[in-house]
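Written out below as structure tokens is the structure these notes cover.
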Amino acid sequence: MRVPIIAGNWKMFKDETEAFELATEIRKRLKDVSSKRIVLCPPFTSIPSVKKAIQGSSIYLGAQNMHWEEEGAYTGEISAKMLLGSGCSFVILGHSERRAHFGETDQVINKKIKKAIEEGLTPIVCVGEILEERESGKTESVVEEQIRGAFEGINKKEIEKLVIAYEPVWAIGTGKTATPKQANEVHRFIREKISLLFNQEIAQKVCILYGGSVKPENSKDLLAEPDIDGALVGGASLRADSFDQIVRSD
Ligand code: 13P
């Protein structure tokens, strides 16, 4: 019932030429895959070349951030409309790297989510705890606070239009992955919260992706968990072979 999503977050990697080559190779390798939604999220400047490479395929294009205003004097920012006009249908919001290095708060993320949905983009909203919080038993309270903050004032119709990514910060780029059981526990917890905040039907519909050192060696077990509906892949999405293997890991 929930169509799995495998999204590649290319972060600040791949210039125009490299992005075109990678997206072309991914397209070639994944042309027979129809059971999953594939999303590529290159840096802003590489969006046009990835668009060209995947045109006419079933691969979706996504961005890694956006501003919540329509337009204005916001040097260095990009609007939802601009992303749509460039061919994006997804946008990653609230990634832990944006929270940690650029001071994004749940309130800012909330404004971005609302704007993205209003314009017709599908937000991939990231939540997750840092190591210290996990070790002190605060994972659930941290994730709950992020969920409540990010989804403040969002209605039932809107919530159905977004995707959530659970990315434990201690597992990002570290090679340490949450075990499938650890990850699924948090996914189940998130689904329960969505059920309480909205309703059971919506909670069953919403896609919850796992992110944090997802690789071909661990993706099969992670994706086999009942509440894990796909993956948000960083490092391993920068090579066509490993991304291909993750997509095909079940
Ligand atoms: P890695 O897969 O490199 O750990 O990155 C995960 C991530 O941050 C995806 O958004």
Side-chain angles (χ1 to χ4, degrees), residues 4-14 18-19 22-23 26 36-44 46-47 50 59-66 83 88-102 104 109 112-113 116 121-131 133-134 139 142-143 146-147 150 162-180 182-183 186-187 190 207-223 225 228-249:
I5 298 174
I6 309 290
N9 175 6
W10 292 4
K11 307 192 179 182
M12 200 171 74
F13 293 97
K14 306 292 176 191
E18 295 163 336
L22 177 59
I26 289 174
K36 296 190 175 103
R37 280 200 276 176
I38 314 295
V39 187
L40 302 181
C41 304
F44 291 135
S46 297
I47 287 174
V50 172
I59 299 175
Y60 295 86
L61 189 53
Q64 301 171 18
N65 183 31
M66 52 159 258
L83 294 181
C88 291
S89 39
F90 286 80
V91 59
I92 298 170
L93 295 177
H95 191 281
S96 61
E97 285 151 16
R98 296 220 50 91
R99 294 176 190 258
H101 307 308
F102 304 99
E104 283 198 17
I109 296 159
K112 293 184 177 191
I113 295 171
L121 284 167
T122 301
I124 301 176
V125 182
C126 303
V127 296
E129 80 288 2
I130 61 172
L131 186 60
E133 291 161 343
R134 170 153 290 258
T139 299
V142 168
V143 169
Q146 290 171 336
I147 294 272
L162 57 78
V163 172
I164 299 170
Y166 169 58
E167 299 205 310
V169 180
W170 49 272
I172 296 177
T174 57
K176 278 192 209 166
T177 329
T179 63
Q182 276 176 327
V186 183
H187 282 232
I190 293 172
C207 257
I208 309 176
L209 316 183
Y210 171 78
S213 297
V214 175
K215 294 182 173 52
E217 301 83 57
N218 58 30
S219 54
K220 185 170 192 260
D221 292 340
L222 285 162
L223 296 173
E225 291 292 328
I228 301 184
D229 307 315
L232 181 54
V233 188
S237 71
L238 296 172
R239 285 183 41 182
D241 57 352
S242 46
F243 191 64
D244 178 16
Q245 285 175 56
I246 292 170
V247 170
R248 294 177 192 282
S249 53

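Since this is a predicted model, take the numbers as computed values, not measurements. For this chain, numbers begin at 1 and follow the sequence in order. Atoms within a ligand are numbered from 1 in the order they appear, just like the ligands themselves.
- By the 30° and 60° cut-offs, the orientation of the rings of Tyr210 relative to His187 is tilted.
- If you number the atoms of ligand 1 from 1 as listed, the ones under 4.0 Å from a heavy atom of Ala171 come out as 4 (O).
- Within the 4.0 Å heavy-atom cutoff, Lys215 does not count among the residues contacting ligand 1.
- Of all atoms in ligand 1, listed by their number and element, those nearer than 4.0 Å to a heavy atom of Glu167 are 6 (C), 7 (C), 8 (O), 9 (C), 10 (O).
- Side-chain atoms of Glu225 never come within 3.5 Å of backbone atoms of Leu222 as a donor-acceptor pair (strictly under, hydrogens ignored).
- Side-chain contact, Tyr166 with Glu129: a donor N or O sits under 3.5 Å from an acceptor N or O.
- A side-chain donor-acceptor contact under 3.5 Å links Asn218 to the backbone of Lys215.
- Of the listed residues (Gly211, Gly173, Gly175, Gly234), the one carrying the non-hydrogen atom nearest atom 4 (O) of ligand 1 is Gly173.
- Below 4.0 Å from some heavy atom of Ser213 lie the following atoms of ligand 1, by number and element: 1 (P), 2 (O), 4 (O).
- Distances below 4.0 Å separate heavy atoms of Gly235 from the following atoms of ligand 1: 1 (P), 2 (O), 3 (O).
- Residues Pro180 and Ile228 have side chains not in contact (no heavy-atom distance under 4.5 Å, counting atoms from C-beta outward).
- Atoms of ligand 1 found under 4.0 Å from any heavy atom of Leu232 (numbered from 1 in listed order, with element): 9 (C), 10 (O).
- Only the side chain of Asn9 comes within 4.0 Å of ligand 1, counting heavy atoms alone; its backbone N, CA, C and O stay farther away.
- The N/O atoms of Glu97, backbone and side chain alike, include none that comes under 3.5 Å of an N/O atom in ligand 1.
- The main-chain N or O of Val127 is never found under 3.5 Å from a side-chain atom of Gln146 such that the two would form a donor-acceptor pair.
- Taking a cut-off of under 4.0 Å to the non-hydrogen atoms of Lys11, the atoms of ligand 1 that pass are 5 (O), 6 (C), 7 (C), 8 (O).
- The Gly212 neighbourhood of ligand 1 comprises atoms 4 (O), 6 (C), with distances under 4.0 Å to a heavy atom of that residue.
- For ligand 1, the polar-atom distance check finds no N/O of Ala236 at less than 3.5 Å from any of the ligand's N/O atoms.
- No side-chain donor from either of Thr177 and Ser213 sits under 3.5 Å from a side-chain acceptor of the other.
- Contact check for Leu209 versus Ile164: no side-chain heavy atoms found under the 4.5 Å cut-off.
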